[in-house]
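Notes follow the structure.
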Amino acid sequence: MKIAVLTSGGDSAGMNAVVRSVVKTGILKGCEMFVVREGYEGLVRGNADGQRVDPVAIHNLEHIIHKPSLIQSDPDKNLLHNLRFGDGDLLKDGTSEWVGGRTLKGRYIVRVGWDDVRGWFAEGGTLIGTARSKAFRTPEGRTAAAHNLIKEGIHALVICGGDGSLTGADIFRSEWPQLVTDLHSQGKITDEQREAHTHLRIVGLVGSIDNDMCMTDMTIGAPTALHRICEAIDNINSTAYSHSRAFVVEVMGRDCGWLALNAGIAGGADFIFIPERPPKKLPWEDEMCAEIHRHREVGKRKTIVIVAEGAHDAELNPIRAEYVKEVLTERLGLDTRVTTLGHTQRGGRPCAGDRILPTLQGVEAVEALLESTPETPSYMIGVHENKIIRAPLMEAVALTKAVGQAVRDKDFDKAMELRGAEFGEALDGFHATSSLYSESAKLPQEQRIRVGIIHMGAPAGGMNAATRAAVRYCLRQGHLPLAVHNGFRGLLDDSVDELTWLGVDAWMARGGSELGTNRALPSIDIGGIASKFQEFNFQAVLIIGGFEAFDALLLLEEGRKHYPAFHVPMAHLPATISNNVPMTEYSLGSDTSLNALVDACDAIKQSASASRDRVFVVETQGGKCGYIAAMGALAVGASIVYTPEDGINLDMLKRDVRFLKTRYALDVPGRSEGRLLIKSEAASSVYTTTFITKMLQEEGGALFDARSASLGHTLQGGIPSPMDRARGVRLSLKCMAFLEQHHAVLQKQPPHKSRHASGSSAAVITIQGSSVTMVPVRDMVEHADMGKRRGKVAWWSGIKELEEELVGRSQFIGLRV
Ligand code: ADP
């Protein structure tokens with residue numbers, strides 16, 4: 001099959017990752033791959049006559065055909081036939097002019113090969129260009145587009161763009177049979193062409209920084225945009241604090257408040273304005289000023305208000321940042337500044353999420369195309385929590401449009417409902433953690449509880465954000481949040497104090513652990529711990545940490561047999577860069593860590609590429625769990641990854657040396673790439689990083705050189721990623737709801753008897769596929785490998801295989817150069 005991929009509408013980070021993944025997956029599945037430059041406009045323009053057969057492509061094929069043994073060793077895979085057409089560099093250099101005898105001028109539908117898209121996903125925006133095409137909106141334009149596709153023999157289109165682009169795609173597909181008939185009757189296509197192109201297969205991927213599409217949790221480019229916004233807010237925070245100023249930050253989002261909302265949560269803002277839920281009461285100025293006044297009264301020195309571009313009041317009158325500034329200045333006397341982030345939000349290097357997700361979605365897109373028939377609906381590829389899904393494209397577009405309509409109809413409840421439950425939860429989360437509530441909002445005295453909060457294990461990004469959320473929620477409800485400093489050792493030393501609303505204010509953006517953390521388990525003195533539970537009268541406990549926290553919860557739960565003090569609800573919120581807590585696919589800190597790894601590896605790869613022919617052996621942390629290495633390898637396109645789960649043996653090393661030799665032999669002479677090998681520190685105690693580096697130096701000969709780098713503790717990351725902060729808040733609030741619910745159950749037991757907490761009241765919050773579930777800690781045990789401190793099943797093992805496929809490991813190993 002011949003497949004073309006295009007990017008359309010507003011650009012977003014991650015679009016290049018989509019193109020790379022689609023091209024590579026297509027080639028692996030035996031397809032011929034094309035990119036369409038400049039979105040639908042390129043489709044309408046097509047290739048000028050005489051430009052269809054690319055002389056450079058032939059040249060490159062000849063280069064390989066001159067090595068017949070190579071072709072023979074690649075009989076059924078078409079990797080070599082599609083290795084390189086030489087246009088990747090032109091596209092990457094952003095030129096359509098003649099370079100070295102090559103040009104893209106007059107060519108919009110360009111055949112691409114495996115190496116043409118190499119390293120693309122570290123680049124922001126879209127290298128193949130995007131445009132808004134008026135012509136494609138007309139029947140004539142679409143007829144020309146169909147003709148151009150048929151001329152190239154293309155049967156299938158992958159479109160990455162916003163709802164407009166996806167609508168256009170669906171219209172194109174539904175009109176296709178008619179377009180083909182017209183072209184045939186006009187004599188523009190032959191009978192054979194008509195027969196061969198009865199049906200157009202399409203699949204959509206949502207590229208949009210706003211995260212505005214229904215039926216998917218995340219659009220491509222939204223995580224990076226949120227990164228840019230949070231970086232800006234973090235910077236603004238320090239100056240706002242220094243001068244005790246207020247800042248009004250305007251962020252993108254005409255119809256969708258996702259960016260403003262999540263920036264509000266992750267940036268610890270005081271007030272936000274989003275299109276879907278304008279302030280309920282008019283005049284809204286009173287509500288905003290009252291809230292900010294309360295914050296200032298308790299001693300807050302800085303104020304951040306976030307305004308989405310499309311914000312308005314309940315009567316749909318626009319709310320502009322400049323006006324908000326005037327209100328704050330005049331009514332509260334605050335020294336207020338406006339910062340409009342504008343296009344900085346679109347740009348920049350894609351964050352880890354915008355490399356991993358588009359890569360996985362690109363693979364799914366090609367699979368969906370290959371499986372599609374004239375009867376199947378057009379799919380849009382999306383994601384629910386951690387699971388890649390296919391959704392009916394038109395239904396998703398219709399729902400998305402319905403949100404805009406609901407807003408225009410002032411039916412804000414409907415708009416919120418259409419955005420999905422998670423959006424509503426996030427907004428509740430924002431209010432719970434940003435507002436100061438009066439006594440009347442609190443629970444009745446008898447329902448208020450004393451909540452102990454403990455950090456355990458190594459620090460991880462998002463621990464503090466989750467703690468801040470728990471504290472603020474407690475205070476809203478009337479509970480008492482009690483910080484246990486320095487883990488269970490600290491508890492034995494009476495290092496417990498009350499946390500305050502203002503005291504945790506700046507914690508959102510702080511890495512590490514504000515409470516202090518260590519690995520000591522309750523078993524150091526379980527009786528002593530029980531008496532401290534009693535002394536401080538903990539009525540509920542939240543433990544934030546990694547595998548040790550899980551282990552600790554297990555010990556406390558088992559301790560209930562002997563110690564009545566442990567008969568209180570207890571929740572564990574996984575937070576560890578290793579992401580090694582059983583059953584959950586996500587731990588706080590793992591996203592921050594992946595981003596730290598991506599930053600480091602981008603720099604290392606640049607250095608490796610500058611030296612032309614260098615392999616860098618990069619060592620990662622992660623204990624006996626290879627998650628960070630495998631996921632990191634996918635995010636940076638590493639050539640080889642070694643994990644503790646699979647270990648390292650001589651056969652593997654031999655195979656991988658052979659792979660690297662083949663790979664470097666096939667590079668254009670003088671233009672070799674730097675390549676990465678990522679190794680978990682615990683992958684092997686014999687084949688160490690030093691050993692592997694020396695071995696590669698020896699074996700690389702004239703082809704390649706090797707160096708090593710150990711990322712060590714840098715992987716804990718400095719500032720937590722926005723995803724870890726926002727997820728920290730969400731999961732923390734779910735844990736709090738769980739604690740409240742189980743406390744209420746316990747309250748029903750007669751007070752004179754010692755209360756008996758059920759097994760289900762000590763649980764770990766997990767993300768499994770598309771759902772968030774509290775799993776009783778006892779039920780976790782059978783899924784845990786306690787010796788190796790990880791889950792028994794590495795749910796991400798498929799990621800490692802995919803990563804190996806996307807570098808063509810087994811294909812290249814099979815070749816004889
Ligand atoms: P986005 O995809 O980001 O929502 P647009 O709405 O501008 O951006 O759409 C991008 C392109 O998709 C348009 O320039 C146009 O070529 C095409 N397109 C959008 N809507 C339609 C439509 N109803 N019919 C045909 N083409 C469309």
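We count ligands from 1, going down the list as the structure has it; atoms in each ligand are counted the same way. Below, all heavy atoms of this structure are taken into account, side chains as well, without hydrogens, waters or symmetry copies.
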Legend entry - Ligand-residue contact atoms, ligand 1 with I171, heavy atoms, under 4.0 Å: 22 (C), 23 (N), 24 (N)
Legend entry - Nearest neighbour in protein (non-hydrogen) for atom 11 (C) of ligand 1: S8 OG, 3.7 Å
Legend entry - Pair Y323 and W284, ring centroids less than 6.0 Å apart: yes
Legend entry - Close side-chain approach of I209 and T219, heavy atoms under 4.5 Å: no
Inset, instruction - Specify the protein heavy atom at minimum distance from atom 5 (P) of ligand 1: its residue, its atom name, and the distance to 0.1 Å. - result: R132 NH1, 3.5 Å
Legend entry - Close-contact set for ligand 1 against Y40 heavy atoms, below 4.0 Å: 12 (O), 16 (O), 17 (C)
Legend entry - Protein contact to atom 13 (C) of ligand 1 [nearest heavy atom, distance to 0.1 Å]: R137 NH2, 3.8 Å
Inset, instruction - Could you tell me the residue and atom name of the protein heavy atom closest to atom 27 (C) of ligand 1, and the distance to it rounded to 0.1 Å? - result: G168 CA, 3.7 Å
Inset, instruction - Could you tell me which atoms of ligand 1, counted from 1 in the order shown, lie closer than 4.0 angstrom to a heavy atom of G10? - result: 3 (O)
Inset, instruction - Please check if any side-chain donor atom of Q405 sits under 3.5 Å from a side-chain acceptor atom of D409, or the reverse. - result: yes
Legend entry - Pair E371 + R390: basic N to acidic O under 4.0 Å: yes
Inset, instruction - Check whether any side-chain heavy atom of I356 sits under 4.5 Å from a side-chain heavy atom of L594, and report yes or no. - result: yes
Legend entry - ligand 1 atoms in contact with G162 (distance to a heavy atom under 4.0 Å): 1 (P), 2 (O), 3 (O), 4 (O)
Inset, instruction - Kindly confirm or rule out a cation-pi arrangement of R20 over F121, judged by NZ or CZ under 6.0 Å from the six-membered ring centre and within 45° of its axis? - result: yes
Legend entry - Protein contact of atom 16 (O) of ligand 1 - nearest heavy atom, named by residue and atom, plus distance: S133 O, 2.7 Å
Inset, instruction - Compute the shortest N/O to N/O distance between K134 and ligand 1 and return yes if it is under 3.5 Å, no if not. - result: no
Inset, instruction - Answer yes or no: is there an ion pair linking D116 with K24, defined by an N-O contact shorter than 4.0 Å? - result: no
Legend entry - Nearest neighbour in protein (non-hydrogen) for atom 10 (C) of ligand 1: S165 OG, 3.4 Å
Inset, instruction - Taking the six-membered ring for Trp and the single ring otherwise, decide whether the centroids of F136 and F172 are under 6.0 Å apart. - result: yes
Legend entry - atom 6 (O) of ligand 1 [closest protein heavy-atom partner, distance rounded to 0.1 Å]: G164 CA, 3.4 Å
